[in-house]
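Read the structure below first, then the notes.
We name chains A, B, ... by the order of the sequence lines, and we start the count at 1 in each one. On a predicted model such as this, the values are computed, not experimentally measured, just so you know. Basis for what follows: all heavy atoms, side chains included, without hydrogens, waters or symmetry-related copies.
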Amino acid sequence: MGLTTFLVRRAVTFVPTLLGVLLITYLIAYAVPTDPVRAWVGEKLMNPERLQEIREKYRFDRPWYEQFAFLVSELLSGRLEDPVRQRNVFTELFYRFPITVEVALIGFIFLVLIGIPLGVLAAVKKDSFIDFFVRIFALTGSSLPAFVLYYFLILGFFVYTHTTYLAGIPYPTQTCRDWIGSLPTTYPYVGNFISAIGSVPMFGAAMCGEWFVVADTFKRLYLPGLALGLLNGGFIARIVRNSLLDALGSEYVLFAKARGLKKLRIWRHVLKNAMIPVVTVLGINFGGLLSGAVIAETVFNIPGMGRYMYDSITRLNFPAIIAATFLFAIIYIVTNLVVDILYAAIDPRIRY
Amino acid sequence: MAESLQDGQVLKVRDLEVKFYTYAGVVNAVSRISFEVYEGEVVALVGETGCGKTVTTRALTRLIEHPGRIENGSALFKRRNNEVVDLLKVPEEVIRDIRGNEIAYVFQDPTSALDPLYTVGTHIVETVTNHRKVKAKEVLRDAIRLLKEVVIPSPELRVKNYPHELSGGMRQRAVIATSLSNSPKLLIADEPTTNLDVTIQAQILELLKNLQAKYKMSLILITHNLGIVAEISDRVYIMYAGKIVEEALTTDLYYKPLHPYTQLLLRSVPNPLKRIEKLESIPGVVPSLINPPPGCRFYPRCPYATDVCRREEPSMIEVEPRHRVACWLYLKR
Amino acid sequence: MSIVKAVYEALVKVINFYVLVRDKLSPGWSTKNSSRVKEWKLMAYAFSKSKIGVLGGMIVFVVTLLAIIGPLLAWEPYWEYKVVEDPELWYHPPCIPPWCSGYPLLGTDEWGRDIISLSFYGFRISFVISLFVVFLGAPLGILLGLVAGYKGGLIDEVIMRLTDIFIAFPGLILAIAFASVFPQRIRAFLEANTLLRDFLSFIFGLRPNEYAQLAAILSVWVAMVIVWWPGYARIVRGSVLSVREQPFIEAAKLVGLPTRKILIKHVLPNVLSPILVMMTFDLATATLFAAALSFLGLGPQEPVPELGYLISKAGNFFPERTAHIVLYYGTILLVIALGWNLLGDALRDVLDPRTRRSIEFREGG
């Protein structure tokens with residue numbers, strides 16, 4: 001089976017899951033026994049005509065399934081409006097998602113930088129002090145209340161030493177943004193793709209060579225990244241360690257030794273085999289990061305996806321909830337797909 | 001060196017001792033074992049699971065891993081250039097070069113012995129290129145020849161196959177081809193047929209026998225199956241709980257087993273040379289190898305056990321020419 | 001080491017007691033299950049050898065004890081706002097005897113309540129909610145996983161699709177959604193069922209008239225159960241699928257055992273150890289998860305002293321007045337979670353026959 005068939009088949013099986021996710025979110029939201037329209041419209045603007053207008057617009061006078069169908073069709077046609085902020089939901093998502101990507105990427109870098117070396121060290125020096133330390137580090141990381149760690153990181157890195165700041169998100173200059181925005185018209189298709197990548201502020205700045213913006217982004221966002229590395233790095237290290245030890249203790253490595261292979265060659269066998277579980281876990285982790293981290297975004301004051309979702313839920317902002325859910329579900333399938341493809345690239349036993 | 005090899009000997013092991021330092025205590029996996037292998041000979045190492053057969057052969061090329069340790073002994077080996085070395089003492093780089101080149105192994109489970117992420121061809125190629133300076137392309141041609149030799153159909157295609165694309169029997173053939181890729185002087189086959197279908201077992205055994213003759217190599221065959229022994233081996237060592245208890249030519253062993261353990265073992269399998277009424281099992285269990293009891297290790301299960309068996313360990317004596325046994329029944333008290 | 005021995009002996013005593021009880025209930029049980037009992041004792045031995053496990057076990061023991069007696073120990077009712085009488089008590093800094101006296105050791109919160117006394121209540125709430133979540137979520141997931149794996153076909157398909165949907169969604173956000181839906185309904189329910197309300201208030205160490213807050217706690221609980229089961233369902237289904245193919249299940253079917261019996265007597269024991277390990281780890285995760293929801297404002301509010309909520313309140317004046325408060329409450333959460341995690345990590349080793357093998361050697365020989 002080729003890659004295309006695989007992708008098509010995956011897409012087909014995913015549609016029911018996607019609709020299921022949307023439906024369930026909608027039903028949860030619908031189950032709230034409060035009038036959402038009142039929650040949408042601020043106290044100041046509250047007047048009967050306006051409420052009535054919104055009610056009709058979002059089909060609140062009709063049964064729930066019609067409301068749901070309306071929301072989904074508006075979403076798919078890209079016209080869905082966020083009633084609280086009164087603009088298209090996609091405008092909001094296109095503003096927030098790139099920021100979440102930045103946070104996720106920086107967090108991921110910390111995760112890999114902390115997790116993989118520690119894991120390799122623990123495996124090579126099995127049962128030593130460092131192995132024990134990694135075990136404790138992993139267990140402590142998963143026992144720490146994230147928000148408490150965030151507070152103390154802020155205390156150490158912001159309040160006392162001012163090595164970071166907690167307001168705003170660095171963006172490339174207007175000329176740079178205009179240039180990236182013009183790419184799709186100058187180069188059809190390829191330009192769309194590049195422009196999409198460039199919509200992440202850090203990447204856009206890098207494309208224009210505005211490295212100070214990139215550096216600034218790191219300065220602004222390294223703290224949540226570091227926190228993530230401290231919280232989950234140990235866990236990743238344990239995965240790396242265990243899969244390395246599994247590979248090291250396997251029969252095929254013993255057979256490789258019995259065949260008199262050189263050290264370097266044996267390590268190639270070990271590393272390639274140990275990579276499989278690590279890639280899976282890292283992939284899933286990255287997927288999780290792309291959905292945004294509510295608590296980190298709250299404490300570090302980052303306008304990302306998690307915060308958007310949280311605000312939408314508390315204000316019963318159905319259209320926004322549905323749109324964000326849609327994006328989460330897409331992220332989920334894409335990361336799973338990428339992991340599967342990586343898998344197949346490493347492991348010949350797995351074919352699409 | 002005090003000891004040297006006699007004419008025709010390839011390998012001479014003396015007083016080999018291997019211990020495993022586990023969490024629960026020191027396991028005396030192999031206790032002072034001595035044996036030898038002659039050129040072009042098939043030697044069988046027979047014993048129950050866990051009696052130290054595998055550990056013995058792995059110790060030969062120092063494949064013992066933590067927490068195991070080779071404590072004692074020597075293993076003289078005649079290399080291809082007729083140089084005699086002690087395998088347990090040569091530098092790491094020399095032993096690495098001997099492994100897979102002059103002493104090759106066939107493991108019990110072909111499924112786990114092959115790295116699932118590499119093709120059969122890669123396994124053979126890396127085994128050769130890690131010992132000799134040759135071009136990978138040339139080796140690949142050689143690999144196809146090897147696969148033909150181990151009777152794998154359409155070797156040109158199979159060489160590009162991954163292990164999971166082959167059947168169990170085919171995999172073991174591929175493992176054998178890999179092990180033969182440097183034409184070793186000594187091949188150690190560790191229960192090579194145990195994990196295979198019964199129908200394939202005979203084919204693999206015959207293949208091993210043919211290849212042994214063709215490559216003029218010596219073969220150590222590890223097995224718990226006395227039926228296999230009768231079929232292909234010239235000489236047999238019987239092991240029990242980390243010790244060798246009897247050594248004989250295969251035919252002698254079947255006609256006149258000396259050690260009570262061997263006798264019971266033969267009664268528990270269909271004997272190709274003698275008719276017996278019913279198969280028996282040996283009562284009792286193998287003793288723990290942590291702090292093994294003094295005296296003969298078979299003592300607790302032995303029907304002829306006497307007081308001296310419990311107190312003192314019997315030494316190996318030659319009862320008949322080329323037929324040695326470690327048992328108080330044959331020793332003067 | 002003497003701790004090793006003491007722990008081992010204590011565990012053996014528990015096992016012996018259990019065997020005695022089972023033997024009384026159905027005579028002959030001990031002889032029939034002697035090998036199983038021996039296996040348990042081996043596990044106890046392996047566990048007592050694990051420093052991490054013993055430490056975790058001790059933490060869990062102390063935490064459990066504190067959770068039970070905590071609210072009785074608290075010397076100040078959490079609903080009394082002393083700040084009304086003495087404005088000095090507003091976020092009073094820690095007061096350590098030689099240098100200062102007359103105020104609580106670790107200071108007070110914004111209502112003038114003693115930080116330490118308050119934490120005893122929070123301890124109980126966090127502990128109980130994690131138990132509730134895991135002991136309801138796990139069986140639910142196990143049940144669905146068993147049914148899906150064993151029945152197969154359409155039922156399997158439906159349950160697994162549902163699991164997929166739940167897993168596709170970030171857990172915390174799903175829980176936020178659920179937790180924001182339930183409070184009003186649960187509150188109405190509690191108002192109607194006074195007996196249940198009083199009972200739950202007692203369990204959580206709260207006053208019965210705090211049912212609005214109780215409803216918030218319960219809605220966090222329900223929301224967490226809803227997002228908790230899919231993990232178990234997946235694991236159990238996977239194990240069932242591999243166990244189902246084994247000959248002894250086939251044999252049980254041929255003998256004519258009813259499905260329910262096969263599932264409970266033959267399939268469940270085979271998947272029990274990974275589940276037990278997962279549950280132990282999840283008690284830690286659930287503790288932190290519930291605190292996180294409260295931190296975000298979805299749990300109980302004033303005056304109920306839920307730790308996550310207390311931390312978020314203290315966060316408003318962080319770090320000038322409240323760094324020590326955040327640190328103290330955070331440490332409590334850390335210790336609870338660490339206890340479970342240490343225990344789970346050791347249990348994983350002990351219940352895995354591969355790592356236990358070396359120890360079996362000595363006992364067997």
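More than 12 heavy atoms of other residues, nucleotides or ligands lie within 6.0 Å of OH in A/Y165, so this atom counts as buried by the packing criterion. Enclosure of atom CZ in A/F235 is not indicated, since only 12 or fewer non-hydrogen atoms of other residues, nucleotides or ligands lie within 6.0 angstrom. Residue A/F108 places its CZ atom among more than 12 non-hydrogen atoms of other residues, nucleotides or ligands, all under 6.0 Å distant.
Within the 4.5 angstrom heavy-atom criterion, only side-chain atoms of C/F166, from C-beta onward, approach chain A. Contacts of A/S312 with chain C are absent, with no heavy-atom separation under 4.5 Å from either backbone or side chain. Using a 4.5 Å cut-off between heavy atoms, C/F295 touches chain A through its side chain atoms alone. Heavy-atom distances place no part of C/L307 under 4.5 Å from chain A, backbone and side chain included. Heavy atoms of C/L296 lying under 4.5 Å from chain A belong to its backbone as well as its side chain. Both the backbone and the side chain of C/A291 come within less than 4.5 Å of a heavy atom of chain A.
Using the six-membered ring where Trp is involved, C/F318 and A/F152 have ring planes that are perpendicular, over 60° apart on the 30 and 60° scheme.
Atom CG of residue C/L172 and atom CE of residue A/M309 lie 11.0 Å apart, to the nearest 0.5 angstrom. Note that the CD1 atom of A/I136 and the CG atom of C/L338 stand 7.5 Å from one another [nearest 0.5 Å].
Side-chain contact between C/S180 and A/T314 is absent, with no heavy-atom pair separated by less than 4.5 Å. Looking only at side-chain heavy atoms (C-beta outward), A/V148 and C/L327 stay at 4.5 Å or farther from each other. Contact of the A/V159 side chain with the C/E320 side chain is not registered, since no non-hydrogen atoms from C-beta on lie closer than 4.5 Å.
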So C/L298 and A/Y310, side chain to side chain contact (heavy atoms under 4.5 Å, CB included) or not? Walk me through it.
CA-CA 11 Å; C/L298 290 148; A/Y310 174 76; 4.1 Å; yes

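For chain A, the option among C/D164, C/I52, C/L342 with the highest count of heavy-atom pairs below 4.5 Å is C/I52. Note on C/I176, C/I336, C/D345, C/T285: by heavy-atom pairs under 4.5 Å with chain A, the leading option is C/D345.
Nearest heavy atom pair, residue C/G330 against residue A/P145, reads O-CG, 3.7 Å. The heavy-atom pair separating A/L144 from C/L288 by the smallest distance is O-CD1, 3.7 Å. Minimum heavy-atom separation, A/I313 to C/I173: CD1-O, 3.8 Å.
With sequence neighbours left out, the ring-ring contact (aromatic ring centres under 6.0 Å, His included) criterion links A/Y332 to no other residue.
Sorted by first then second residue, the side chain to side chain donor-acceptor pair (under 3.5 Å) pairs that include residues 325-342 of chain C, not counting sequence neighbours, are A/S142-C/N341, A/S143-C/N341, C/S119-C/Y328.
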